[in-house]
Amino acid sequence: MFDEKLKREFAKRVLAGEINDSLDGKHVNVFGWVHEVRDLGKLVFIVLRDVSGVCQVVFRRDELDESALKALNSLSNESVVFVHGVVAKQPKSRLGVEIVGETLKVLSQAAPRLEYDPTEKVSASLDVRLKHRILDLRRQKVKPIFILGSAVLKALRDFLYGRGFIEVRTPKIIGSATEGGAELFEVKYFDRVAYLAQSPQLYKEQLTTVFEKVFEIGPFFRAEQSHTRRHISEFTSVDIEQAFADMDDVMKTLEEAIAYVYQHLVNNHQKELSMLGLTLKVPKTPFKRITYDEAVGILEKDGISLKWGEDFGTPHLRALAKHFHGFYFITGFPTEIKPFYIQPSAENPSISESFDLMYQWLELASGGTRVNEHSVLRERLIQKGLDPKQFEDHLKVFEYGMPVHAGWGLGFERLMMVLTRHTNIREVIVFPRDRFRLTP
RNA sequence: GCCCAGGUGGUAUAGCCAGGUUAGCAUCGCCGGCUGUCGCCCGGCGGACCCGGGUUCAAAUCCCGGCCUGGGCGCCA
């Protein structure tokens, strides 16, 4: 019960992470989870954890009243407690400061012997960690990932709002699966079949005719059989689309957005970065740009040749990454391997106005200039073996006045992998959904 | 989907190749002790061979199938 008495105590709460020398001698209230107990007999140390971090509380059994003693003896790891005590500088403590506990209340008793121990004394496999994800998230090496994730989303929004973009939301339940490409999930939609959206592409293009600059940050779904460290069934895409712009304009927006995110984390999140053992350097813009043709040439010299017109496979990208460190763009992919809405180049229609943003061998984003002429778009659909009739609603918009426009989609979790140096995308998703994982 | 590796107490592992041990160690949980721990320490107790079939006097160990996990590749407007 969160009664009036407890509420009054909570109003005077100090966070564990804020317990420091300057509070020496002050009475404080702390609320949190029992991270660890070290019982020495007459002396009991508990490490208390809350959202901000951990602090140490010491109890002297001799000096406690009966209710505090009882609470102390029943303490289990991860129980929620309220502690009132005096802050004391303590050179004998590794943190240099501790709370001498005077009262202790167990607010929620945790079951003994949890399935998984967040103190990091024994390691656990990723599979076990994800099965008990809530306990895993409490670890000091995991929680900061998601605090940073929140900061990245804020930075991206701040940046895009600052550039005059309007945030939009497009449907995640769609009626047609005819666009080709990725496999879609089927869902029951009353008495009809519907699909989960794989991207906001067509909607965001249409919306540029109203709002000119739009962006969306949202979940999208791919029903691929992929079994890799960088693919999942449900992911978050950061998508922008801009009217009166071409690929060069939106590439600039993209690299500046990335640099802005880095700067935001460096300025405001040193604590989380250091908890994860990370030091970030803001990448220099503009990023390096190479063309598809140049990349093919480099691969050829390395003896990993590729027929012109083919897309890069994983071995190709890994080989390329040996030549380019950090972020770089690959531009001008063959029109053949790009979707119907990508604009073929005017000088050479077999090359398209397209780009991918890479980090080493990881593809982070892809985008380009879009086809904006109704007749060309219709033609491109037919070339791709798609049926223009299935795209009536979309094509119609191209008769309502469609300026030249461009945009990109950035994989949010892939950016998080790069920022936090994790090699498995599941590490940076709270509850990942992959080919074999549907719970928790 | 294909290829490779693996599945031993709640967790992390040894044992498996060369079949026969009371299945070892750590952590964990419980009980007891300890006034400066910080991966506390010390003593006691508890808890495991993924499932099914086969070979054998005997299977955690060898063989076959399944399920699951990790990694690689493919798929991935």
Side-chain angles (χ1 to χ4, degrees), chain A residues 35-47 54-63 73 76-77 88 90-98 100 110-132 135-136 177-184 197-202 205 220-233 235 237 239 311-318 333 335-342 352 354 356 363 366-368 370-371 380-381 383-386 391 394 407-409 411 414 423-424 426 434-437:
Chain A
H35 189 66
E36 252 184 286
V37 181
R38 287 186 289 272
D39 187 343
L40 271 66
K42 284 180 182 159
L43 209 54
V44 183
F45 297 94
I46 75 170
V47 176
V54 294
C55 67
Q56 176 170 283
V57 184
V58 59
F59 290 98
R60 298 175 205 283
R61 276 211 163 92
D62 290 350
E63 296 166 19
N73 291 334
S76 55
N77 284 338
Q90 180 50 271
K92 280 184 265 185
S93 164
R94 195 161 288 168
L95 296 164
V97 64
E98 68 189 7
V100 181
R113 199 193 222 187
L114 301 167
E115 288 86 347
Y116 169 46
D117 174 16
T119 57
E120 308 182 315
K121 280 182 194 168
V122 278
S123 56
S125 64
L126 182 59
D127 182 47
V128 168
R129 289 173 45 210
L130 293 175
K131 273 188 183 129
H132 310 289
L135 290 173
D136 185 53
T178 54
E179 290 176 34
E183 292 286 322
L184 302 192
Q198 60 168 314
S199 116
Q201 184 60 35
L202 306 185
E205 284 191 57
F220 293 98
F221 308 89
R222 304 267 165 103
E224 299 293 339
Q225 302 275 12
S226 300
H227 185 61
T228 77
R229 294 184 296 176
R230 58 192 189 282
H231 290 95
I232 29 158
S233 307
F235 64 100
S237 183
D239 267 89
D311 205 352
F312 303 119
T314 307
H316 300 114
L317 295 175
R318 282 182 194 268
F333 287 90
T335 305
E336 179 76 24
I337 55 171
K338 282 288 163 183
F340 68 90
Y341 50 78
I342 286 285
S352 64
S354 58
D356 278 3
E363 186 189 323
S366 81
R370 319 304 190 185
V371 172
R380 293 277 294 135
L381 279 167
Q383 277 173 19
K384 286 278 167 191
L386 297 167
F391 292 83
H394 185 58
W408 41 257
R414 290 197 176 174
T423 55
N424 192 319
R426 292 161 188 80
D434 64 31
R435 171 78 181 79
F436 305 104
R437 214 178 311 266

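Residue numbers begin at 1 in each chain, while the letters A, B, ... track the order of the sequences. Quantities reported herein were computed from a predicted structural model and do not represent experimental measurements.
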Worksheet item: What integer number of Å spans the C1' atoms of B/U56 and B/G1?
Response: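 Per the computed distance, 38 Å lies between those C1' atoms.
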Worksheet item: How far, in whole Å, is B/U27 from B/C41 if one measures between their C1' atoms?
Response: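 After rounding to an integer number of Å, I get 15 Å for this pair.
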Worksheet item: If you pin A/Gly313 and A/Pro91 to their nearest nucleotides in RNA chain B, which one's is more 5'?
Response: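 Result of the comparison: A/Pro91.
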Worksheet item: Using a cut-off of less than 4.0 Å, is there contact between a side-chain N or O of A/Arg38 and OP1 or OP2 of B/C34?
Response: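 Checking B/C34 against A/Arg38, no side-chain N or O comes under 4.0 Å of OP1 or OP2.
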Select base, sugar-phosphate, or nothing to describe what [X] touches, counting heavy atoms under 4.0 Å on all strands.
X        : value
A/Arg435 : sugar-phosphate
A/Arg129 : nothing
A/Phe436 : sugar-phosphate
A/Glu224 : base
A/Asp434 : nothing
A/Arg380 : nothing

Worksheet entry | A/Glu363/A/Arg230 under salt bridge (charged side-chain N to carboxylate O under 4.0 Å, His left out): CA gap, chis, key distance, verdict | CA-CA 9 Å; A/Glu363 186 189 323; A/Arg230 58 192 189 282; over 6 Å; no
Worksheet item: Can a cation-pi geometry be assigned to A/Lys338 and A/Phe333, taking NZ or CZ under 6.0 Å from the six-membered ring centre and within 45° of the ring axis?
Response: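 Judged by the rule, A/Lys338 and A/Phe333 form a cation-pi pair.
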Practice prompt. Could you give me the stems involving RNA chain B, meaning stretches of three or more consecutive Watson-Crick or G-U wobble pairs whose two defining distances are both below 3.5 Å?
Written response: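 Runs of three or more consecutive pairs: B:1-7 with B:67-73, B:28-33 with B:41-46, B:50-54 with B:62-66.
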